[in-house]
Amino acid sequence: MTTGATVWLTGLPSAGKTTIAYELAGRLKAEGHLVEVLDGDEIREFLSAGLGFSREDRHTNVQRVGFLAELLARNGVKALVPVIAPYAESRDAVRRRHQEGGSAYLEVHVATPVEVCSERDVKGLYAKQAAGELSGLTGVDDPYEEPESPDLRIESQHQSVRESAAAVHALLTERGLA
């Protein structure tokens, strides 16, 4: 059986988390690993429908995703989780859940500066926030607590998606997980 693990990619909106996760997923699948990408937007639509973006709702969302990721990891799946998870307390709780379950957990901070994210603006969130149509945008007018000691920090503005995914793959390999 393959070794499962959770790779949590945290960072601002439009940092590149999901793009990196899907690139890495393709590489891992090609190597014969069981892989699932727990996309934050899909999770919000299907598992966390009805939750808003208050601190409490964000925490609940992250705990739901963390539960699912640990369940997958415990069963031999590489769970790639490109979810903002803006609060350190929530991310720490997910890490503890994995430790208690004996599942590997890696935190990757996709540390793309807010200026670069707002230029990318994949979903138009920064434009809506600037136009006053949206409030509570993580890293702009809502907090984002950067990880103090992630397992890996990626500055996606300085490398290609393939290079970013390769850095995460190297970390998995180093830890005996790929």
Side-chain angles (χ1 to χ4, degrees), residues 4-25 29 34-112 114 116-118 120-148 150-151 154 156 168:
T6 293
V7 178
W8 197 291
L9 297 104
T10 180
L12 297 175
S14 297
K17 302 176 300 296
T18 302
T19 306
I20 294 166
Y22 279 107
E23 178 73 22
L24 177 60
K29 285 177 184 174
L34 298 173
V35 182
E36 287 295 335
V37 176
L38 301 180
D39 182 289
D41 293 333
E42 291 175 0
I43 294 291
R44 278 222 171 248
E45 182 179 351
F46 296 106
L47 286 182
S48 294
L51 289 180
F53 291 89
S54 68
R55 185 179 182 106
E56 296 77 21
D57 282 358
R58 288 176 191 253
H59 179 76
T60 298
N61 182 56
V62 168
Q63 296 317 297
R64 287 178 183 175
V65 178
F67 170 81
L68 180 56
E70 198 280 326
L71 181 68
L72 290 168
R74 184 177 354 134
N75 286 283
V77 177
K78 304 285 188 294
L80 309 181
V81 187
V83 172
I84 295 170
Y87 301 111
E89 176 186 7
S90 298
R91 295 189 306 266
D92 291 345
V94 171
R95 182 183 293 274
R96 278 192 308 276
R97 172 184 292 284
H98 281 73
Q99 288 169 340
E100 290 164 7
S103 300
Y105 177 86
L106 302 174
E107 183 177 72
V108 176
H109 180 204
V110 183
T112 310
V114 68
V116 175
C117 294
S118 68
R120 290 179 181 170
D121 203 10
V122 179
K123 299 174 194 161
L125 299 175
Y126 293 91
K128 287 180 182 174
Q129 193 275 337
E133 299 168 18
L134 173 77
S135 63
L137 182 58
T138 302
V140 178
D141 60 354
D142 212 54
Y144 176 73
E145 299 170 358
E146 290 194 6
E148 290 182 17
D151 296 284
I154 291 175
S156 71
V168 181

> Does a side-chain N-to-carboxylate-O contact under 4.0 Å join R96 and E100?
Replying inline: no
> Is there side-chain contact between V114 and V140, with at least one heavy-atom pair below 4.5 Å?
Replying inline: yes
>> If we ignore hydrogens and angles and just use 3.5 Å, is the side chain of S156 paired with the main-chain N or O of A15 as donor and acceptor?
In response: yes
>> Using 0.5 Å steps for rounding, measure from the NZ atom of K29 to the CD atom of E36.
In response: 6.0 Å
> Counting distance only, does the side-chain N/O of R58 pair as donor-acceptor with the main-chain N or O of P86 below 3.5 Å?
Replying inline: no
>> Filter on salt bridge (charged side-chain N to carboxylate O under 4.0 Å, His left out), then keep only pairs touching residues 120-131, sequence neighbours left out; what's left?
In response: D41-K123
>> Please determine whether side-chain contact (heavy atoms from CB on, under 4.5 Å) holds for the pair V94 and Q63, giving the CA-CA distance in whole Å, both sets of side-chain angles, and the decisive distance to 0.1 Å.
In response: CA-CA 6 Å; V94 171; Q63 296 317 297; 3.8 Å; yes
> Do you know which two heavy atoms are closest between V62 and S90, and how far apart they sit?
Replying inline: CG1-CB, 3.8 Å
> Does the distance from a Lys or Arg side-chain N to an Asp or Glu carboxylate O, for R44 and D57, drop under 4.0 Å?
Replying inline: no
>> Keeping S103 on the side-chain end and A5 on the backbone end, is there a donor-acceptor pair under 3.5 Å?
In response: no
>> Test side-chain contact (heavy atoms from CB on, under 4.5 Å) on R64 and L51; report intermediate values, then the result.
In response: CA-CA 11 Å; R64 287 178 183 175; L51 289 180; 3.7 Å; yes
> Are the side chain of D142 and the backbone of L137 linked by a donor-acceptor contact shorter than 3.5 Å?
Replying inline: no
>> Looking at every heavy atom in both K17 and L9, which two are closest together, and how far apart are they?
In response: CD-O, 3.2 Å
> Which atom names give the shortest non-hydrogen contact between A73 and T6, and what distance separates them?
Replying inline: CB-OG1, 3.7 Å
>> Please report the interatomic distance CD(E89) to NE2(H59), rounded to the nearest 0.5 Å.
In response: 6.0 Å
> Considering the options V7, T10, T18, which one meets the side-chain contact (heavy atoms from CB on, under 4.5 Å) requirement together with P82?
Replying inline: T18
> Can you name the nearest heavy-atom pair linking H98 to A69, along with the distance?
Replying inline: NE2-C, 3.9 Å
> To the nearest 0.5 Å, what is the distance between CG (L47) and CG (L68)?
Replying inline: 6.0 Å
> Which pair of heavy atoms, one from V83 and one from L38, lies closest together, and at what distance?
Replying inline: CG2-O, 3.8 Å
> Hey, does the side chain of Y126 reach the backbone of P13 with a donor-acceptor pair shorter than 3.5 angstrom?
Replying inline: yes
> Judged by atom type as modelled, is there a donor-acceptor pair below 3.5 Å linking the side chain of D151 to the main-chain atoms of E107?
Replying inline: yes
> Got a sec: does the CD of E148 have more than 12 other heavy atoms crowding it under 6.0 Å?
Replying inline: no
>> Please determine whether side-chain contact (heavy atoms from CB on, under 4.5 Å) holds for the pair R97 and F67, giving the CA-CA distance in whole Å, both sets of side-chain angles, and the decisive distance to 0.1 Å.
In response: CA-CA 8 Å; R97 172 184 292 284; F67 170 81; 3.6 Å; yes
> Say you draw a straight line from CZ of F53 to CD1 of I84; how long is it, rounded to the nearest 0.5 Å?
Replying inline: 8.0 Å
>> Is the positively charged end of R91 above the ring of Y144, judged by distance under 6.0 angstrom from the centroid and angle within 45° of the axis?
In response: yes
> So, for G4 and A104, which heavy atoms are closest and what is the spacing to 0.1 Å?
Replying inline: O-CB, 4.0 Å
